[in-house]
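Just so it is clear, the structure is predicted and the values come from calculations on it, not from any experiment. As a basis for the values below, the full set of heavy atoms in this structure was taken, side chains included, without hydrogen atoms, waters or symmetry mates.
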Amino acid sequence: MTKRILAIGLIFAATSVGWLGLAALIEYRTLESRRQLTRQVASLWGEEHRASAPEITYESKGAQQSAAPESSNIRVALTLDQRKKGLLWHNTYNVSFWGDYTFKNDTGQQREFLITFSFPTTRANYDNFVFRVAGQDARLDGSGQDQVSIKIQLEAGQEIPVTIGYDSRGLDRWVYSHGRGISQVRNFRLVMTTDFAAVDFPPGTVSPASMTPIPGGWELVWRYDRLISGFQLGMEMPSRIQPGPLAGQITMFAPVSLLFFFFVIFVLSVLKDVKLHPMNYFFLAAAFFAFHLLFAYLVDHVDVAWAFGAASVTSVALVVSYLRLVVGPRFALVEAGLTQFIYLVLFSLAHFFQGFTGLTVTLGAIVTLAVMMQLTARIDWEERFGR
């Protein structure tokens, strides 16, 4: 019996080494995919957008001074349009931006002002672009293509409207800043609508004053009468389950699943006086390994749920059909099949629910321990091992 346990332990160790190698390969493929494909997606679709209020400057006493808009009324519509390339989903989105600003010359004298709009990113397309100051359309600044600007003379106390609008596409998150550093904001209102319900706010941004559910998403409102702040506003696009990292996590966790499976099968075989040779355990371990190998490569080509289902059915079918010939159909289907479903399929499925994997494994371990203790409490292990 002792030699048999040692042989089973060696099979478990060898399979675990194989899983570590597979997990390392998945991690390498995922990193390569992220490095190469993220750049491709950004070049084809667009980068993260960092929008900002128009910058208003004027010259006073030989130095450039900045002024803030008198009011800001902004509407942003975000539409999620995720794209999958390789082992990763990329959180691409469409954005429609429209901002109505007003500016007032409160310097006490006539001055020339430079009003500049900087594009959220240079790696994006801007359709239906509008930059209008007091009814006059601005043109691209000859000094560069990352901004547009217009100069305008204003009388003391004169107030003018400034309008900015465009349709574009971005990646991962959308952020709006009031200006550089600590900025003063007056009469500010930004209304954002989303077509997704899983809203989240990037680090360094403030949450909205109100959130109202709308069909398929939310309407979020930021509103300030008079504010001095260095914080930004923004939205983090919701992420789908990433096939590459998920396959790597499940593969790294595989030895735990196999350990539980071997332990339960060993105890049940002792209770039911079923004889399993270490070679039988070797083929069972290979059937477990088949699940992770098939899932890791199938998830490249089909949806993660279909890949998981196909790998699960394949692995369970291998185990049940094999043990049916070795020890009989009942033990193969009931004891072995159910045990594999719990410790391979359900434990792996727990990785789909972030934050609950550890709790699921802990509860599974406690329940397994309790059941095995009750089933084996009356076994004379001295006699069994001696026999």
Side-chain angles (χ1 to χ4, degrees), residues 1-25 250-298 308 310-349 361 364-387:
M1 180 68 77
T2 303
K3 292 181 179 179
R4 180 170 297 184
I5 294 176
L6 289 176
I8 295 172
L10 289 175
I11 293 170
F12 171 79
T15 310
S16 298
V17 171
W19 272 317
L20 291 177
L22 179 60
L25 177 61
I250 293 177
T251 303
M252 287 293 292
F253 183 78
V256 178
S257 296
L258 185 62
L259 179 63
F260 276 104
F261 179 76
F262 274 7
F263 171 66
V264 173
I265 290 298
F266 177 80
V267 171
L268 292 177
S269 66
V270 172
L271 287 172
K272 295 182 175 295
D273 200 22
V274 173
K275 295 181 180 180
L276 289 175
H277 191 271
M279 279 302 298
N280 300 133
Y281 282 93
F282 169 79
F283 284 112
L284 294 178
F288 260 65
F289 192 86
F291 168 87
H292 303 87
L293 189 63
L294 179 61
F295 180 67
Y297 284 95
L298 193 59
F308 185 87
S312 300
V313 170
T314 300
S315 182
V316 173
L318 286 173
V319 169
V320 172
S321 62
Y322 174 67
L323 287 181
R324 177 183 62 85
L325 300 175
V326 176
V327 296
R330 188 187 184 286
F331 186 89
L333 184 61
V334 179
E335 281 82 357
L338 181 60
T339 302
Q340 185 186 13
F341 178 76
I342 293 173
Y343 297 113
L344 175 64
V345 179
L346 294 186
F347 272 26
S348 298
L349 189 64
V361 175
I366 293 174
V367 171
T368 300
L369 178 62
V371 172
M372 292 299 104
M373 288 175 68
Q374 296 300 315
L375 292 177
T376 62
R378 297 185 182 276
I379 292 180
D380 185 349
W381 290 106
E382 188 73 25
E383 185 271 333
R384 291 283 180 146
F385 273 83
R387 189 176 64 180

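Atoms CG and OH, on L294 and Y297 in that order, are 11.5 Å from each other to the nearest 0.5 Å. Atom CG of L22 is separated from atom CG of L25 by 6.5 Å, given to the nearest 0.5 angstrom. Rounding to the nearest 0.5 Å gives a distance of 8.0 Å between OG of S315 and NE2 of H292. In this structure, CD on E335 lies 10.5 Å from CG on L323, to the nearest 0.5 angstrom. The distance from atom CG of N280 to atom OG of S269, rounded to the nearest 0.5 Å, is 10.0 Å.
Using a 4.5 Å heavy-atom threshold, the side chains of F261 and I342 count as separate. When side chains are defined from C-beta on, Y343 does not count as touching L259, because their heavy atoms never get closer than 4.5 Å. Using a 4.5 Å heavy-atom threshold, the side chains of V326 and F331 count as separate. A heavy-atom distance below 4.5 Å is found between the side chains of W19 and L258. T15 places none of its side-chain heavy atoms less than 4.5 Å from the side chain of F288. Inter-residue side-chain proximity for S312 and L344 is flagged as unmet; no heavy-atom pair is nearer than 4.5 Å.
Residues A336 and A332 come closest through the heavy atom pair CB-O, 3.4 Å. Between G364 and F347 the shortest heavy-atom distance is CA-CZ, 4.0 Å. In this structure, A285 and I11 approach most closely via the heavy-atom pair CB-CG2, 4.0 Å.
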How far apart are the C-alpha atoms of T339 and L268, what are their side-chain angles, what is the distance that settles it, and do they pass the side-chain contact (heavy atoms from CB on, under 4.5 Å) test?
CA-CA 10 Å; T339 302; L268 292 177; 4.2 Å; yes
With side-chain contact (heavy atoms from CB on, under 4.5 Å) as the test, would you mind laying out the steps for K272 and R330 before giving the verdict?
CA-CA 12 Å; K272 295 182 175 295; R330 188 187 184 286; 4.2 Å; yes
How far apart are the C-alpha atoms of L318 and Y322, what are their side-chain angles, what is the distance that settles it, and do they pass the side-chain contact (heavy atoms from CB on, under 4.5 Å) test?
CA-CA 6 Å; L318 286 173; Y322 174 67; over 6 Å; no
Step by step, would you call L276 with F266 a side-chain contact (heavy atoms from CB on, under 4.5 Å)?
CA-CA 8 Å; L276 289 175; F266 177 80; over 6 Å; no
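Between F291 and F308, the two ring planes are perpendicular [angle over 60°; tilted spans 30° to 60°]. The aromatic rings of Y281 and F262 stand perpendicular to each other, their planes meeting at an angle above 60°, with 30° marking the opposite boundary.
Remark: M252 CE is loosely packed, at most 12 non-hydrogen atoms of other residues, nucleotides or ligands lying under 6.0 Å away.
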